[in-house]
Chemist: 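Mind looking over this structure? Questions follow.
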Amino acid sequence: MANQQLMEKIVSLCKRRGFVFPGSEIYGGLAGTYDYGPLGVVLKENVERLWLQMFRDSRDDMYGVDAAILMNPKVWEASGHVAGFSDPLVECNNCKGRFRSDHVPVKYEKDENGKIVNENKVCPSCGKEGTLGEVRQFNMMFKTHAGATEDESATVYLRPETAGGIFANFKNVVDSLHPKLPFGIAQIGKAFRNEIAPRDFVFRLRELEQMEVEYFVKPDTWEQAFEEWRKAMHLFAEAVGIPSSALHELEVPAEERAHYSKRTIDFEFEYPFGRKELWGLAYRTDFDLSAHEKGSGTPLSYLDEETKEKFIPHVIEPSLGVDRTILAILTSSYREDDMGGEVRSYLALAPKIAPVKAMVSPLLKNKPELVAKAQEVRKELQKIHPAIAWDDNGNIGKRYRRQDEIGTPFCVTIDFDTLGETPNLTDTVTLRHRDSGEQERLTVAEVATRIRSSIS
Ligand code: ATP
């Protein structure tokens with residue numbers, strides 16, 4: 001399938017089936033914002049829950065925080081965001097459009113030997129050459145005011161990343177829980193970036209969600225910790241159904257890394273619009289805690305009880321965008337095949353993150369005895385997981401297709417055999433598998449076991 005077409009199909013499915021809607025849509029939208037709908041919100045929660053489980057809760061060395069989005073502006077002065085969190089901006093003198101200068105196409109003029117003699121930037125909006133002005137730096141932090149005054153002294157920022165709230169709470173976590181190094185702090189939350197050109201659905205947003213860890217280590221052990229988190233990120237990709245074949249590690253060369261980072265890997269994913277950054281993993285030395293110690297005047301060193309050594313811990317940062325993860329999952333799982341002579345589309349979601357785990361349905365909705373039995377089966381299965389849906393609309397084939405499209409791994413159908421019409425089939429149901437469309441006859445207890453093992 002052509003990439004553009006795949007992207008259109010994903011966006012349309014998301015809207016039609018209630019995964020993701022354009023933000024403020026009834027007012028014509030707001031660029032760079034999207035809203036998660038009834039199914040999308042559950043998908044997102046499932047992804048986040050899995051991340052919490054793998055990155056925080058299953059480990060003795062991890063702690064959580066949920067910091068405020070609004071922080072003392074000095075946090076962002078110390079971190080370097082006020083001075084340097086910017087993208088290069090150019091404005092077109094002709095159409096007045098504004099663009100990121102590194103996203104602008106360039107047209108090359110060559111001489112008869114093929115040597116480039118001239119290069120001209122082309123305006124991505126009006127298509128004119130040579131109309132783009134000087135590059136200037138545009139700070140991407142959203143500014144607002146705290147309280148009833150609107151002067152400079154009341155300026156606060158919407159956080160551009162969740163990491164700031166973690167560093168600012170390093171001392172609180174150490175003082176309250178006394179963790180031994182190495183240990184980390186994990187947080188999920190919203191971040192805001194005034195992107196010059198939001199684009200590609202939920203890939204480049206102005207309001208986004210991040211799942212971040214700051215993992216504090218003794219300086220001489222950073223390489224081992226870096227490797228551990230690199231592996232953890234691959235395991236997480238696998239768990240949410242992002243195939244390793246579509247995930248690429250890009251070692252960011254020294255000249256492109258932040259000056260304090262000794263190693264950075266961009267985890268890139270093959271999106272329909274190109275290979276782009278999905279997540280990042282960086283060794284940030286002691287830059288952040290040192291900067292916040294200096295900025296706040298509060299000592300942020302750590303005392304090693306055994307060696308009595310006092311030092312600022314170094315940090316490894318696995319940083320994962322939730323929205324880019326959701327888009328990578330949708331891209332990886334969208335499939336089309338031929339079923340019964342018709343094109344069928346489905347989402348091959350990992351059962352763990354699928355918003356609906358199974359759908360239960362009576363073969364005919366006008367037979368009260370079938371409906372009653374199906375309701376009983378549904379209740380039984382809901383003991384395993386509450387997300388067991390009910391559908392008795394239209395014919396059974398249509399019900400299956402609807403569930404395929406939203407990625408429901410199993411459908412369970414109750415018919416007259418379940419009620420005893422064929423004696424040796426009494427209390428058995430049809431279990432239908434999403435990906436293959438295959439059906440088997442099982443007892444309710446066997447179905448329960450299948451569902452349980454698929455999501456455990
Ligand atoms: P890019 O180079 O694509 O702008 P970045 O390098 O600025 O991304 P980071 O600052 O490393 O991104 O942010 C950490 C993670 O947050 C990214 O790996 C990505 O998953 C997510 N992220 C960053 N910017 C956006 C955005 N505008 N919309 C959605 N997710 C984002």
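In this chain, numbering begins with 1 at the start of the sequence shown. Ligands are counted one by one from 1 in listed order, and the atoms in each one are counted from 1 as well.
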Chemist: Examine the proximity of ligand 1 to L278 and report which part, side chain or backbone, both or neither, has a heavy atom under 4.0 Å away.
Modeler: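 The answer is the backbone.
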Chemist: Any salt bridge linking D102 with R100? Criterion: basic side-chain nitrogen under 4.0 Å from a carboxylate oxygen.
Modeler: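 Salt bridge flag = yes for R100 with D102.
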Chemist: State whether K9 and E336 are salt-bridged, where the test is any N-O pair (Lys NZ or Arg NE/NH1/NH2 against Asp/Glu carboxylate O) under 4.0 Å.
Modeler: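 Yes.
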Chemist: Which ligand 1 atoms are under 4.0 Å away from a heavy-atom of W279?
Modeler: 18 (O)
Chemist: Could you tell me whether the side chains of D151 and T149 share a donor-acceptor contact shorter than 3.5 Å?
Modeler: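 Judged by distance alone, the side chains do not pair up.
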Chemist: Identify, by atom number and element, the atoms of ligand 1 in contact range of G280, meaning under 4.0 Å from any of its heavy atoms.
Modeler: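 Taking each heavy atom of G280 in turn, ligand 1 has 18 (O) under 4.0 Å.
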Chemist: Out of all atoms in ligand 1, which are within 4.0 Å of some heavy atom of F203? Include the element for each.
Modeler: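 Listed by number with element, the hits are 26 (C), 28 (N), 29 (C), 30 (N).
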Chemist: Which heavy atom of the protein is the closest neighbour of atom 14 (C) of ligand 1, given with residue, atom name and distance?
Modeler: S319 OG, 3.0 Å
Chemist: Quick check on contacts: which atoms of ligand 1 are under 4.0 angstrom from a heavy atom of G321?
Modeler: 20 (O), 21 (C)
Chemist: Should one rank E195, R204, R199 by closest heavy-atom distance to atom 3 (O) of ligand 1, which comes out on top?
Modeler: R204
Chemist: Is a side-chain N or O of Y271 found less than 3.5 angstrom from the main chain of R324, in a donor-acceptor match?
Modeler: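 Checking the backbone N and O of R324 against the side chain of Y271, a donor-acceptor pair under 3.5 Å is found.
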Chemist: Tell me yes or no: between the side chains of R284 and Y260, is some donor less than 3.5 Å from an acceptor?
Modeler: yes
Chemist: Quick check on contacts: which atoms of ligand 1 are under 4.0 angstrom from a heavy atom of L205?
Modeler: 26 (C), 27 (N), 28 (N), 29 (C)
Chemist: Between the candidates Q210, K276, R324, which shows the shortest non-hydrogen contact distance to atom 8 (O) of ligand 1?
Modeler: R324
Chemist: For the pair W279 and T325, evaluate side-chain hydrogen bond (donor to acceptor under 3.5 Å, both in side chains) and give the outcome as yes or no after the intermediate values.
Modeler: CA-CA 8 Å; W279 306 325; T325 307; 2.9 Å; yes
Chemist: Would you say Y334's side chain and I10's backbone share a donor-acceptor pair under 3.5 angstrom?
Modeler: no
Chemist: Which is closest to atom 7 (O) of ligand 1 by heavy-atom distance: E277, M140, R193?
Modeler: R193
